[in-house]
Amino acid sequence: MAKRIVIDPVTRIEGHAKISIFLDDAGQVADAQFHVVEFRGFEKFCEGRPYSEMPGITARICGICPVSHLLASARAGDAIMAVAIPPAADKLRRLMNLGQILQSHALSFFNLSAPDFLLGWDTPPAERNVFGLIAAHPELARAGIRLRQFGQEIIEILGGKKIHPAWGVPGGVRSALTEEGRDRIRAWLPEAFATVATGFELFRRTLETHREEAFIFGNFPSLFMGLVAADGTWEHHGGKLRFTDSSGSVIADHIDPADYLEYIGESVQKDSYLKSPYFKALGLPGGMYRVGPLARLNVCERMGVPRADAELRLFRQQGHGAVTSSFLYHQARLIEMLAAVELIERGLEDPDLFSRDLRAEAGVNSPRGVGASEAPRGTLFHDYTVDRDGLLKKVNLIVATGQNNLAMNRTVAQIARHFVRGDQIPEPMLNRIEHGIRCYDPCLSCSTHAFGQMALEVRLIGPDGSVRREVTRE
Amino acid sequence: MNDNLLVIGYGNTLRSDDGVGARVAEAVANLGLPGVGTHACTQLTPELADLVSKASAVIFVDVAAEGPVAHPILRRLEPAESSRVFSHSADPPTLLALARDVYGRAPEAWCLLVPAENIGFGEELSPIARRGLKEAVRKIRDLQRKRGFGPAAIPPFANH
């Protein structure tokens with residue numbers, strides 16, 4: 001008879017997740033599910049609103065990745081207006097997106113994941129908490145926070161606020177970069193390069209001591225999806241969609257994001273509000289794909305900047321075709337941070353950033369508009385259908401965390417298989433599962449703000465539904 | 001360090017009363033109280049530890065999610081034992097612990113919990129939350145007067 005282990009991170013109100021691990025009769029892990037009980041009523045809430053308000057509204061969905069929603073929404077608005085936005089607006093949006101990727105990746109790597117790299121997963125919980133790693137290595141945490149502040153300062157310089165800037169609009173952006181703003185950004189660059197270099201050093205040491213984790217933390221064949229530029233270069237805002245498989249072969253290319261529904265199906269998972277997208281042509285389970293830093297580095301041919309390209313070559317030595325271990329999302333994140341800093345440095349000299357031609361004006365010229373942009377954790381789609389007055393009739397949002405949902409399930413199952421034996425739930429397994437999920441850096445808070453630190457509640461449920469064993473870790 | 005009181009109000013303003021904390025921070029900012037800096041946000045993010053460490057005292061304003069309360073509740077806060085953050089957002093005790101461990105100082109702190117009754121999608125506050133907002137602002141003013149926070153440099157990204 002099957003049994004079920006439930007890991008339930010306790011958070012506030014809504015927007016929380018839990019993990020169920022299903023055991024077979026022999027006590028071996030058969031499957032796992034990462035449930036997200038996030039409320040998805042936001043799409044309905046937006047109906048009836050003018051599409052022009054959507055960038056500002058959608059940026060308020062989430063306090064973690066507002067810029068990603070802002071930019072995808074603005075692109076959907078461009079499509080409804082059927083305009084080509086001024087080159088300056090495109091470059092400014094790109095600059096803001098690089099700031100967003102940088103600030104998000106910095107926190108994920110230096111502040112969320114680095115403590116695990118340095119402490120490992122076998123340290124008892126009391127020791128993990130009492131002898132806080134951050135207290136022992138404050139310089140690392142400070143450097144990560146500083147790098148995050150750099151990314152946020154770019155957003156603030158352009159948008160006027162770090163969070164929820166109503167700066168990106170259908171047709172372009174509201175304001176250009178100033179010379180003072182450029183100088184502030186430029187002043188950060190040496191420190192940003194140095195911090196990213198520290199991250200690479202740390203991760204190289206980590207890989208030497210975490211070979212097992214690199215092997216079992218979500219290491220399986222899957223498809224990968226991301227935006228690429230016309231020449232195959234890494235892309236984060238604009239470009240076309242590309243799917244590759246685990247051998248590195250391109251299986252679908254040059255896809256206009258507006259046609260995503262022809263390629264992406266959405267399955268609904270029981271007990272979860274999170275939709276699970278898949279590559280339609282292969283169905284499930286073969287159509288499972290991953291998005292985000294690992295996927296973007298697998299689908300692109302080059303980063304387009306020299307230092308990040310050198311790191312990309314090293315990264316690719318860890319795969320045969322594609323790099324398939326989700327543990328290497330961390331390394332991919334570092335490479336994207338490096339590319340972001342290089343691209344920011346290169347882009348700052350562009351006179352277009354100071355242009356006054358920032359916005360195309362038009363009414364509703366298309367009843368539907370799709371905007372896609374690479375958020376830090378993967379491709380984000382905003383799909384709007386409007387009436388003649390530009391009021392929204394239908395909204396569909398596909399977020400990165402949803403697209404990685406199937407891969408996260410598989411990652412949890414893979415890790416659990418190494419540690420679950422019968423009714424035993426070893427503590428190190430919880431640490432590793434938590435980190436396995438963290439590799440994807442999921443954002444579960446698009447409805448309301450989370451409350452409290454993550455606590456893990458583990459329940460072993462017998463075939464009759466009774467709780468046989470329960471472990472809670474505060 | 002600035003000789004100031006920092007008010008951090010947080011919550012999602014698209015989720016009705018859930019956003020009352022952010023709205024309290026905005027209301028306090030509009031008063032222009034001497035020695036009081038404010039920061040309104042959706043979530044508490046770890047980099048706020050920098051700002052927190054530079055304040056003399058901090059009030060975290062949030063919606064009261066623990067159950068029905070009639071009036072705003074002001075409680076003292078202590079830093080958490082661990083400054084480890086698990087996601088892109090943190091709770092007040094962890095933020096205080098981060099300020100202590102990363103920047104060497106955790107200020108005196110309180111949480112101010114404002115009554116609420118509706119956290120569904122919407123931008124309006126319920127009557128209970130509206131009343132709670134006014135009372136919360138009054139409590140912050142009282143604390144500012146009682147503790148004598150005076151004119152001082154406001155931290156660089158306060159009053160957002």
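Here is how names work: the chains are called A, B, and so on, in the same order as the sequence lines, proteins then strands, and each is numbered from 1. Keep in mind that the numbers below use all heavy atoms, side chains included, and drop hydrogens, waters and symmetry copies.
Contact between B:Asn12 and A:Arg60 at its shortest, heavy atoms only, is OD1-O, 3.4 Å. Taking all atoms of both residues into account, the shortest heavy-atom contact from A:Ala141 to B:Val102 is CB-CG2, 3.7 Å.
Of the listed residues (A:Ile145, A:Asp441, A:Leu140, A:Leu107), the greatest number of heavy-atom pairs within a distance under 4.5 Å of chain B belongs to A:Leu107.
Taking a 6.0 Å sphere around CD of B:Glu124, one finds it holds 12 or fewer heavy atoms contributed by other residues, nucleotides or ligands. Annotation for A:Glu47: atom CD counts as buried by contact number, over 12 foreign heavy atoms lying within 6.0 Å.
Of the inter-residue distances, the one linking B:Glu47 atom CD with A:Asn111 atom CG reads 9.0 Å to the nearest 0.5 angstrom. Note that OG1 of B:Thr45 and CD of A:Gln103 are 8.5 Å apart. Values are rounded to the nearest 0.5 Å.
Both the backbone and the side chain of A:Ile57 come within less than 4.5 Å of a heavy atom of chain B. Heavy-atom distances place both the backbone and the side chain of A:Arg142 under 4.5 Å from chain B.
Qualifying salt bridge (charged side-chain N to carboxylate O under 4.0 Å, His left out) partners for A:Arg146, counting only residues two or more places apart in sequence or in other chains: A:Glu191. For A:Trp188, the side chain to side chain donor-acceptor pair (under 3.5 Å) partners at least two apart in sequence or on another chain are A:Glu153.
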